[in-house]
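Take a look at the structure set out below.
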Amino acid sequence: MMKLFARGSVLALSLVAGFAASPALAADQKDTVVAVVNGADIHLSQLADFARQIPPQMGQPPYEALLEIVINNQLVYDQAKKEKLDSEPDVKAAIKKIEMQVLAQAFMQKKVRPGVTEEAIKARYDQAVKAFVPTEEVHARHILVDTEEAARSIIADLGRGSDFVELAKTRSKDQGSGANGGDLGYFTQKDMVPEFTAAAFAMRPGEVSNAPVKTSFGYHVIKVEDKRMATIPPYEQAKPAIAQQLAEGIREKTVMDLRDKAKIKRFGPDGAPLAEPAAKK
């Protein structure tokens, strides 16, 4: 219902970048009735909802343009209902899909909200502070290739003055870090495979490995940028990550509880019954 159904002149207004959001859409405004279309009230909140869906780069149309667009949406929606399009199988399936998504999200929000409080976040932070043991971290870059020969070629190029960052971008098969010049950020010895951490933690800042480092992923050329002792971030900095962890834990427990109570039968693509998955210990 939020598609851009509008006359050409109104639609043109909505596509012109640079319009400032109307003061009438301010958050502290009451949800007043801004139009009545064939007896149906249109509220200010509907305009605000529509305005939020317009990409920022397109800019915000003025209030009057938004109003006309939402009026047109209502007219098209009403006509679709009159023609009973919501009874057609494909439309019903699409509505059902959206309904499932909205209800599932609302259910999870209901479960998560009571458990992600300031008190719960602070308690988790205090627990982490008590359990924290300072550990060394290394900030390194790497270039990953398939063969030892390729790795030695890169080491030779670096010895001749080639830039590590540029070689990582053009020659590393690790596309994720390669795009950032091979940057892996800071990590502890537990974060990487043993062969990699053994080499990286033995090096000094600014040093490049003088021989390829072999792991199950291939051959690495490593450059250590920095070393430091890990510290606990301030509470306000850690708060968003802790809130997310708490929410994920609640969501996982909620789903597992529902699964434990449910009776589930599984079938393959051909409709034949599937073996029950092994119970987790």
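As the structure is a prediction and not an experimental result, all values here were calculated from the model.
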Point-to-point distance, once rounded to the nearest 0.5 Å, from [atom1] of [X] to [atom2] of [Y]:
X      : Y      : atom1 : atom2 : value
Gln189 : Phe201 : CD    : CZ    : 4.5 Å
Ile54  : Leu66  : CD1   : CG    : 5.5 Å
Lys223 : Ser209 : NZ    : OG    : 11.5 Å
Gln46  : Asp41  : CD    : CG    : 9.0 Å
Met192 : Phe187 : CE    : CZ    : 4.5 Å
Glu68  : Tyr63  : CD    : OH    : 9.5 Å

Working for side-chain hydrogen bond (donor to acceptor under 3.5 Å, both in side chains), residues Thr254 and Asp257: CA-CA 5 Å; Thr254 298; Asp257 287 346; 5.9 Å; no
Distance-minimising heavy-atom pair for [X] and [Y]:
X      : Y      : value
Gly115 : Ala120 : O-CB, 3.4 Å
Ser87  : Lys92  : O-CD, 3.3 Å
Gly218 : His220 : O-CD2, 3.8 Å
Ala179 : Lys169 : O-CE, 3.9 Å
Pro240 : Gln237 : CD-O, 3.5 Å
Leu158 : Asp163 : CD2-C, 4.2 Å

With a cut-off of 6.0 Å (strictly less than), are more than 12 heavy atoms of other residues, nucleotides or ligands near [atom1] of [X]?
X      : atom1 : answer
Arg204 : CZ    : no
Lys227 : NZ    : yes
Glu118 : CD    : yes
Glu83  : CD    : yes
Met100 : CE    : no
Lys173 : NZ    : yes

side-chain contact (heavy atoms from CB on, under 4.5 Å) between Ile42 and Val36, worked out: CA-CA 6 Å; Ile42 293 179; Val36 180; over 6 Å; no
Are [Y] and [X] co-members of a hydrophobic cluster defined by side-chain heavy atoms under 4.5 Å apart?
X      : Y      : answer
Val70  : Val37  : yes
Leu184 : Leu167 : no
Ile250 : Ile121 : yes
Val213 : Val193 : yes
Val129 : Leu246 : yes

Val138 vs Asp226 side-chain heavy atoms within contact, under 4.5 Å: no
Close side-chain approach of Tyr77 to Lys81, heavy-atom, < 4.5 Å: yes
Donor-acceptor under 3.5 Å ([X] side chain, [Y] main chain):
X      : Y      : value
Ser153 : Glu149 : no
Asp183 : Gly185 : yes
Ser172 : Leu144 : yes

Verdict with supporting geometry, Arg251 and Val112, side-chain contact (heavy atoms from CB on, under 4.5 Å): CA-CA 7 Å; Arg251 283 192 287 265; Val112 166; 3.8 Å; yes
Connected hydrophobic set around Ile95, excluding itself, where side chains approach under 4.5 Å: Val91
Worked verdict on Phe107 versus Leu103 for side-chain contact (heavy atoms from CB on, under 4.5 Å): CA-CA 6 Å; Phe107 174 74; Leu103 285 175; over 6 Å; no
In terms of side-chain heavy atoms, does [X] have a donor or acceptor partner in [Y] at a distance below 3.5 Å?
X      : Y      : answer
His43  : Thr32  : no
Gln105 : Gln101 : no
Asp174 : Ser177 : yes
Gln74  : Asp78  : yes

Residue pair Arg171, Asp157: steps toward the side-chain contact (heavy atoms from CB on, under 4.5 Å) verdict: CA-CA 12 Å; Arg171 298 179 65 176; Asp157 287 342; 2.7 Å; yes
Among Phe196, Phe217, Tyr219, the one residue meeting ring-ring contact (aromatic ring centres under 6.0 Å, His included) with His142: Phe196
Criterion salt bridge (Lys or Arg N to Asp or Glu O under 4.0 Å) on Glu148 and Arg152, from CA distance to verdict: CA-CA 6 Å; Glu148 183 178 359; Arg152 291 193 181 279; 2.9 Å; yes
Residue of the set Val221, Ile154, Ile155, Ile222 for which side-chain contact (heavy atoms from CB on, under 4.5 Å) holds with Pro212: Ile155
Lys122 to Tyr235 six-membered ring, cation-pi geometry met (6.0 Å, 45°): yes
Row check, Tyr186 ring normal vs Arg228 NZ/CZ: under 6.0 Å, within 45°: yes
